[in-house]
Amino acid sequence: MKITTAQADDVATLLAFREEAAAWLTRIGTDQWQRPYPAERLLATIQSGTVFMVRDGDATAATITLTPEAEEGLWREQELGEPSMFINKLTVARTHAGQNLGGRLLDWAGDRAYRAGAKWLRLDAWTTNEALQRYYLQQGFEHVRTVREGGAVNGGARVSGWLAQRRTAPVEHGFEDLAPAPSSLMAGG
């Protein structure tokens with residue numbers, strides 16, 4: 001499987017991924033991702049080069065967003081002073097579920113963040129999705145705190161404020177990484 005940066009023509013695929021994931025999440029009893037995500041916001045993240053796609057032949061197997069930009073209102077000033085990268089929108093196609101793609105993508109993200117000079121790989125997970133929180137803990141993340149104040153980036157009250165982090169490290173993730181090398185987080189890098 002290969003990892004590439006997403007392109008503008010991937011917006012429809014990514015929106016369909018989110019709809020598929022929302023339907024699956026409803027079936028397992030969580031309200032995560034029930035609000036539509038604006039296509040223009042998604043396109044902006046694609047154009048910033050922070051959205052990555054896992055390709056399995058002609059099929060798109062998974063996606064992840066990895067960015068040096070923290071969502072406003074979640075992380076404290078001291079934490080933001082530490083070199084970090086943030087993951088969000090990790091989604092695995094139901095056709096590829098059960099193959100540890102999510103775990104491998106987290107390893108890939110931690111490796112990429114390490115190569116960029118980050119100390120931490122951080123995330124904010126759905127506040128009420130305890131199964132997802134347990135998953136991240138099993139993947140080596142440590143819960144930092146839960147933030148309930150503020151608004152969501154796609155409108156309404158904050159729903160994704162369970163904060164967790166793990167140290168970055170070089171990792172063998174098993175993907176053929178076709179994405180450009182990460183930019184350094186260090187000043188002047």
Side-chain angles (χ1 to χ4, degrees), residues 1-7 10 13-14 17 21 42 44-57 59-71 74-93 95-126 129 131-147 160-189:
M1 286 188 217
K2 300 175 181 179
I3 293 187
T4 63
T5 50
Q7 304 300 312
D10 287 319
T13 299
L14 291 168
F17 258 35
L42 189 54
T45 59
I46 289 171
Q47 291 170 335
S48 72
T50 61
V51 181
F52 301 89
M53 310 290 278
V54 176
R55 313 280 188 189
D56 183 11
T60 301
T63 183
I64 191 170
T65 299
L66 178 64
T67 178
E69 303 298 322
E71 184 178 324
L74 291 177
W75 297 92
R76 296 178 177 151
E77 189 175 332
Q78 176 187 354
E79 294 163 339
L80 292 173
E82 301 170 320
S84 306
M85 291 194 78
F86 303 86
I87 58 169
N88 51 60
K89 298 184 204 66
L90 170 60
T91 312
V92 175
T95 56
H96 288 75
Q99 300 178 33
N100 191 33
L101 278 183
R104 288 175 55 204
L105 260 177
L106 292 170
D107 287 345
W108 171 86
D111 179 77
R112 185 173 178 85
Y114 177 84
R115 290 185 290 126
K119 174 181 177 181
W120 297 108
L121 182 62
R122 291 179 165 152
L123 61 86
D124 59 286
W126 206 257
N129 189 338
L132 180 62
Q133 296 165 14
R134 283 191 301 276
Y135 171 79
Y136 284 125
L137 293 171
Q138 292 165 356
Q139 295 296 319
F141 285 83
E142 294 179 7
H143 179 239
V144 176
R145 75 182 154 278
T146 301
V147 177
S160 187
W162 186 86
L163 307 184
Q165 65 186 15
R166 76 177 190 194
R167 287 201 177 263
T168 64
V171 178
E172 180 50 52
H173 46 72
F175 293 114
E176 182 181 352
D177 191 348
L178 302 178
S183 298
S184 174
L185 296 176
M186 303 305 154

- Note on the structure: Distance col, row Gln47:CD vs Thr5:OG1, nearest 0.5 angstrom, shows 12.5 Å

- Message: One pair to check against side chain to side chain contact (heavy atoms under 4.5 Å, CB included): Val147 and Trp75. What are the steps and the verdict?
- Response: CA-CA 9 Å; Val147 177; Trp75 297 92; over 6 Å; no

- Message: Counting C-beta onward and ignoring hydrogens, is there a side-chain heavy-atom pair between Leu101 and Phe175 closer than 4.5 Å?
- Response: yes

- Step by step, would you call Leu66 with Leu121 a side chain to side chain contact (heavy atoms under 4.5 Å, CB included)? CA-CA 9 Å; Leu66 178 64; Leu121 182 62; 3.8 Å; yes

- Task: For the pair Tyr136 and Trp162, name the ring-plane relationship: parallel under 30°, tilted 30 to 60°, perpendicular over 60°.
- Result: parallel

- Answer yes or no: is there a side-chain heavy-atom contact under 4.5 Å between Val54 and Leu105? yes

- When rounded to the nearest 0.5 angstrom, what distance separates CD1 in Ile87 from OG1 in Thr50? 12.5 Å

- Phe52 backbone acceptor or donor facing Thr63 side chain under 3.5 Å: yes

- Donor-acceptor contact below 3.5 Å, side chain Thr168 vs main chain Ala118: yes

- Note on the structure: dist Asp107:CG -> Asn100:CG (nearest 0.5 Å) comes out at 7.5 Å

- Task: Measure from NZ or CZ of Arg166 to the centre of the six-membered ring of Trp120 and say whether it is under 6.0 Å with the direction within 45° of the ring axis.
- Result: no

- Task: For the residue pair Ile3 and His173, establish whether any side-chain heavy-atom pair is separated by less than 4.5 Å.
- Result: no

- Message: Quick check for you: to the nearest 0.5 Å, what is the distance between Leu106 atom CG and Gln138 atom CD?
- Response: 12.0 Å

- Item | Donor-acceptor contact present, side-chain Asp56 to main-chain Met1, <3.5 Å | no

- Message: Whether the side chain of Gln133 engages the backbone of Trp126 through a donor-acceptor N/O pair (distance < 3.5 Å, no angle test) should be reported.
- Response: yes

- To the nearest 0.5 Å, what is the distance between CG (Leu80) and CD (Glu69)? 10.0 Å

- Between the side chain of Arg104 and the main-chain N/O of Gly174, is any donor-acceptor distance below 3.5 Å? yes

- Item | From Glu142, Lys119, Arg122, residue fulfilling side chain to side chain donor-acceptor pair (under 3.5 Å) relative to Gln165 | Arg122

- Ignoring hydrogens and angles, tell me if any N or O in the side chain of Arg145 forms a donor-acceptor pair with the backbone of Leu74 under 3.5 Å. yes

- Message: Quick check on Tyr114: does its OH atom have over 12 non-hydrogen neighbours (other residues, nucleotides or ligands) under 6.0 Å away?
- Response: no

- Evaluate side chain to side chain contact (heavy atoms under 4.5 Å, CB included) for Arg55 paired with Leu178, printing each intermediate quantity in order. CA-CA 10 Å; Arg55 313 280 188 189; Leu178 302 178; over 6 Å; no

